[in-house]
Amino acid sequence: MKPATRLRPALLSRYLRTEVFGRECCIMVDRTGSTNADALALELDAPHGAVVVAEYQTAGRGRGDRTWFSPPGANLLFSVLLRPPAPATAWPGLVLVAGVAVYEVVRGLVAAPVRLKWPNDVLIYGRKVAGILCQSRLGKNPAVAVGIGLNVNMTTRDLPRDLRTSAISLRDLDGRAHSRARVLALLLAALERQYDFWRRDRKRVWRAWEAAAHLRGAPIRVVEARREYDAVAQGLDRAGRLLVTIRGRRRTVVSGDVLLLKE
Ligand code: BTN
């Protein structure tokens, strides 16, 4: 394979069609700890829609206490700083907003069945093609960093052995090297669009998310900190929390992992 083209702001701007995201502030670095941490460490007056992109993260964070590994220069690792006017209690829903955006873009790029898994996974054939992590900073000028890792051009051989069966990239699916600048531009535009929908009408985004997750009626196993149980997924509530039934009784899942019992 040809060596990857380094991401540069000039290359991104060739493709960028957003109004706000990535326009006023877009920082691209070769190596950092975590783009989420960097976005949250921007000045207090950093603009809504500021973007931090890295070629490599030394301490990429996943959900819970997990890490996010991505070989240098192969994939997309970025965070968008948002300042939603909604109360911070509504911000956890942003992970679903980003999920719908990533889902739309990935579906447009590869001819493979893409599926969302609550709350933050984007899967193809049961393997992770992207992960999303939202982290916030409260206090003066509160903000939330929406962090997205999308596996674009790596091959499974670039991964540590233990990740080889659980991850997949766009290139694994079609054998092509994708322009990361173009894919990043598509993701920023989709995120901006879904974020606008979310601000105006949450339900619209939740419905799109439910459809992309094939959620209603799906048998799942819910793994919470202290217990594990089988349930049937019913959809999302107004705040984007997962509604399930266990032997006909309704329950709301606030945190935890979900395993799909049937692909
Ligand atoms: C997960 O699947 O658990 C979430 C993974 C999120 C990874 C992205 S990569 C860019 C941003 N910076 C991080 O440290 N994490 C997110």
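Note that the numbering runs from 1 along the sequence shown for the chain. Atoms considered below: every heavy atom in the structure, side chains included; atoms not considered: hydrogens, waters and symmetry mates. Quantities reported herein were computed from a predicted structural model and do not represent experimental measurements. Remember, it's 1-based here, ligands and their atoms both numbered in the order they're listed.
In summary, the atoms of ligand 1 found under 4.0 Å from a heavy atom of Gly62, numbered by their order in the structure, are 1 (C), 3 (O), 4 (C), 5 (C). Short contacts between ligand 1 and Ile148, defined as distances under 4.0 Å to a heavy atom of the residue, involve ligand atoms 8 (C), 9 (S), 10 (C). Remark: ligand 1 atoms within the under-4.0 Å shell around heavy atoms of Leu77 are 9 (S). Less than 4.0 angstrom separates some heavy atom of Phe78 from each of these atoms of ligand 1: 10 (C). If you number the atoms of ligand 1 from 1 as listed, the ones under 4.0 Å from a heavy atom of Gly60 come out as 14 (O).
Of the protein's non-hydrogen atoms, the one nearest atom 11 (C) of ligand 1 is Thr35 OG1, 3.3 Å. Given atom 8 (C) of ligand 1, the protein heavy atom at minimum distance is Gly149 N, 3.6 Å. In this structure, atom 5 (C) of ligand 1 lies nearest to the protein heavy atom Trp68 CE3, 3.4 Å. Taking atom 15 (N) of ligand 1 as the reference point, the nearest protein heavy-atom neighbour is Arg61 O, 2.8 Å.
Evaluated for a side-chain contact (heavy atoms from CB on, under 4.5 Å) with Val97, the options Arg199, Arg193, Gln194 yield exactly one hit, Gln194.
Salt-bridge formation is detected for the pair Asp257/Arg63: a Lys NZ or Arg NE/NH1/NH2 atom is positioned less than 4.0 Å from an Asp or Glu carboxylate oxygen. The pair Asp158-Arg171 does not count as a salt bridge, with every side-chain nitrogen at least 4.0 angstrom from each carboxylate oxygen. Using a 4.0 Å cut-off between a side-chain N of Lys or Arg and a carboxylate O of Asp or Glu, Glu192 and Arg17 do not qualify as a salt bridge.
Residues Arg127 and Thr156 form a side-chain contact, since some pair of their non-hydrogen atoms from C-beta on lies under 4.5 Å apart. Between Trp91 and Pro84 the shortest side-chain heavy-atom distance falls below 4.5 Å.
Ligand 1 lies within reach of Gln57, whose nearest heavy atom is under 4.0 Å from it.
On a distance-only criterion, Ser79 and ligand 1 share no N/O pair closer than 3.5 Å.
Nearest-residue assignment for atom 1 (C) of ligand 1 (options Asn75, Asn120, Val52, Leu133; heavy-atom criterion): Asn120. Around atom 2 (O) of ligand 1, the closest heavy atom drawn from Arg63, Lys128, Lys117 belongs to Lys128.
If you check the side chains of Ser70 and Gln57, you find no donor sitting under 3.5 Å from an acceptor.
Rounding to the nearest 0.5 Å places CG of Leu236 at 6.0 Å from CG of Leu96.
With a 4.0 Å heavy-atom cut-off, ligand 1 is reached by no atom of Arg66.
Closest approach of Arg83 to Asn141, counting heavy atoms only: NH1-O, 2.9 Å.
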